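What you see is a predicted model, and the numbers here were worked out from it, not measured in a lab.
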Amino acid sequence: MAGLKNVLVVEDDAMIRDLYKMALANAEYTVEVADSADELYSKLARFKPDVMFLDVMLPGTSGLQVLKELRSNPKFDCTDIKIVVLTNLAQRTVADNAMNNGADGYIIKADILPKDLPKVIESLEEE
Amino acid sequence: MGDKRDDSSGRGFLPKVARIFRPKISAKILIYFLLIALLPLIVVSYVLVTTANNQLLKNASTNQQAVANDLARRVDNYLANNVNALAYTGRLYATQDFSKSQTDQSLRTLFDQNANLDQVTLLTANGDTGKQRTLTVQGGKTKIAEDTIDTTPDILEFLADKPYLISVGRTADNNPQVIIGVPILKKYGSASTDLFTTQKGDVENIAGALVGYYDIGDLWESVLSTSVGDGGYAYVIDGVGSLVAHPDRKFLDSHREVAEVQVVKQFLKGDTATKSTVSEKNKEVISTPSKTLTGWGVIVEEPVTSIYSSINSYIQMAATIGISAVLLSIMAGLFFSRQLIRPIRELSLGAKRMERGEFDQPINVKTNDELEALAETFNRMARGIKKLISDLKVNNLKLKFEQIKLNNIISSVSDGIIAINKNGEIVSINPPAALLVSQDPKTLEGKQVFEQFFFEHDGESFTPDIKNGGIYHYTDLTAKRGDSIVYLDLVVAVLEHPDSDVSAIITIHDQTASRELNFMKLDFVAIAAHELRTPLTVVRGYLDILNTSAARELSVFNLENLSKAIVGANQLRELINKLLNIARIERGDMEIFIEKLNLSKLVSENVEQHKSMAAQKEQVLSYETSAKGAVYVPADTASIVEVLNNLIGNAIKYNNKGGKISVSLEVNDKEVRVAVSDDGPGVPEDLRERLFTKFYRAERSLIAGTRGTGLGLFISKTIIELQSGTIGIEPDQGKGSTFYFTLPIYDSARDDEQIAKKSSGGIRGWFKKRPSS
């Protein structure tokens, strides 16, 4: 729990969004959520996350597209934050693609337990 | 087309010419008959004529010699008589010392006795003067003329050496005249005075001579009228070639000397053989001379034509017979050839009918010989051919039908079929095969099959073997069709003994559609599983939160219920994961992310996690290892966890209540071996082989009512083998069973390259990007 305090969860599935928010809140992280790219961009205007969980499937757009935008456009001030991609399909090629586009890791939603999310953030702190 | 027809008629020209010059059998037979009839006739005639010629010549020669000798003797006799008569008279005159009247009387007697004596002259040498007394016959009266002339001593001297003297002369009217002189001796011996023994006079002894002049014309005409053969005659010459007598009076009158005539010439040289020569009248004759005692010659001759006249008639007869024979043999030849040809013509016509395909009319030959047998054979052959043709027609129809059937089958099957010859050229190809290369089947025929069809296997060019006989199956081949890739199975049937032009048949089964269908099926499974996962994630998430945060608020009973809900949710997750894995394995995109994995730690933790599960069946689950410290392997953590879950889970599931399960980890310098042993009922021998196949579950588990998909061991096998390990069950030891897997030991030099750039750090579902080096 060194420097990574603020977490932003971008997930269109409300149940999972709430689940992740609850798990991370229980571990005393500052959690904000967004259910779409648009909401994400508006959230970023007033919230500066240290870690972002970004779903690859977002309504109307692809998480990868958003990832590229965040990493390349300095106006979002997200070029150096930790971004973890959430994927439902165990299509690891998609995940690999994400990592090549600036993701720091990926989570298979079906396999991870919410209580492990703090451990994921902790592992991100270990460089 | 017109040109072609011209060619064929041009080709037909030569045989036509040959046919024109080919003699017909009838002509041949005619020629044979003529040869048979004429050849012996000619030979026999020649031999006979030659023999007859020789015989005739011989006969003529014998005859001529006889005649000539006989004539010669007659000449000799005639002369001898005259010589003797003269000699007798002379002797009388000398010895009786005749008076003049007595002398005259004796001379007259001489005349009387010889009608041909024209004149006789008595030459006397007594006294100094010789007196010559000449008697001539005139008009039946003998007139004696007496001249006193000088004795010619030459004659007397000449006669003194000889018993007589004969010479030939001519009378005033040109009649041949023989002059015979005999000596009158002073003293005669006792010897006879015939021609052959006439005493020779000598000069001392000679008293005179008696000379007679004989007209021999009339007399010898009768002598010489002897005819010889047909048209032959004889003539007489003296010792120097003067003609003495000749039957042809005119010739005799005009010729005195015949010494230049060939036969005379020869005679004068002493050759008296019969000769074929040229006569005194320049005619072809056979002539024979004969010598008289006086040195004269009698020459007998016959014209050649007369000698051979009998032969000529014979030749004529032979020619007549020959011509008749020719005519006869021509007639016979024509007859026989007709007889012979007729059946042959029948046969020929019959054969021509057959050539036209008419087999119904039999050949009718009733010659009762080989030809009839031949015709019979022909007829049988015709019947046989007719039957064969009808059979062939039926078979043809059948074949055509079969061909149509086969063509329909081949063109209607969806599989591509290509028949190739031994050079690899396409002999026949059906539309589906041609469609693969987007071409018309006709244009592909004759082309090299592997220059038209390109196959790949695992991204590499692939060419099936078409040399060695046998049937070959090739699967998982790909080929390009346009821009897309098609998946193919090939069956290549290479004929062991290629009889015709087909040496191999390639069947192409397009697997693309079924592959796609299968993929759709798998996709459906995958999508269904994913769809299940999302709500399950939520369920598990909330159960987890409940378990961690709300546990202290729940009663023991509800805590237990919560725990059961968590187990069920986990089981559901595992099942869905297995389905997903199967789908991935089937699609071939099971992905493995190799990392440097602390296997001993992983196994140990996994055993701990299963302990509560084992405890529920009152089983003892233990772990032991000979390894000191961490054992690293290059492996995919999540998948190895799955394998361990499967093996340990199975052991717990299938072992009896209260049984023992021991997990061990052994390591050597190459590999690590993890074994899970139980003391349960074991696995029947006959099931062991099928254990690691898809959807297998030991039957006993069905009986025992234990649930499971039977997919676990299949998935585990795939996972372990993808990571260069082995998995299996140990041979039955009598009690329980032992499942094991091995993995290679981590080797940084070998493995670092492929180790993924992410690590899970032991958190399930989380993959962290490894810092790039």
Name the residue from B:I594, B:N598, B:L597 that meets the side-chain contact (heavy atoms from CB on, under 4.5 Å) definition with B:T637. B:L597
Nearest heavy-atom neighbours spanning A:K5 and A:Y29: O-CD2, 3.5 Å
Return the orientation label for the B:Y632 and B:Y746 ring planes: parallel under 30°, perpendicular over 60°, tilted otherwise. perpendicular
Option in A:V84, A:D13, A:N26 with maximal non-hydrogen atom pairs under 4.5 Å from chain B: A:V84
Answer with side chain, backbone, both or neither: which region of B:N547 has an atom nearer than 4.5 Å to a non-hydrogen atom of chain A? neither
Looking only at the side chains, is there a donor atom on one of B:N581 and B:K578 sitting less than 3.5 Å from an acceptor on the other? no
Side chain, backbone, both or neither of B:I545 within contact of chain A (heavy atoms, under 4.5 Å): side chain
Which one wins on heavy-atom pair count under 4.5 Å against chain B: A:I16, A:D116, A:L113? A:L113
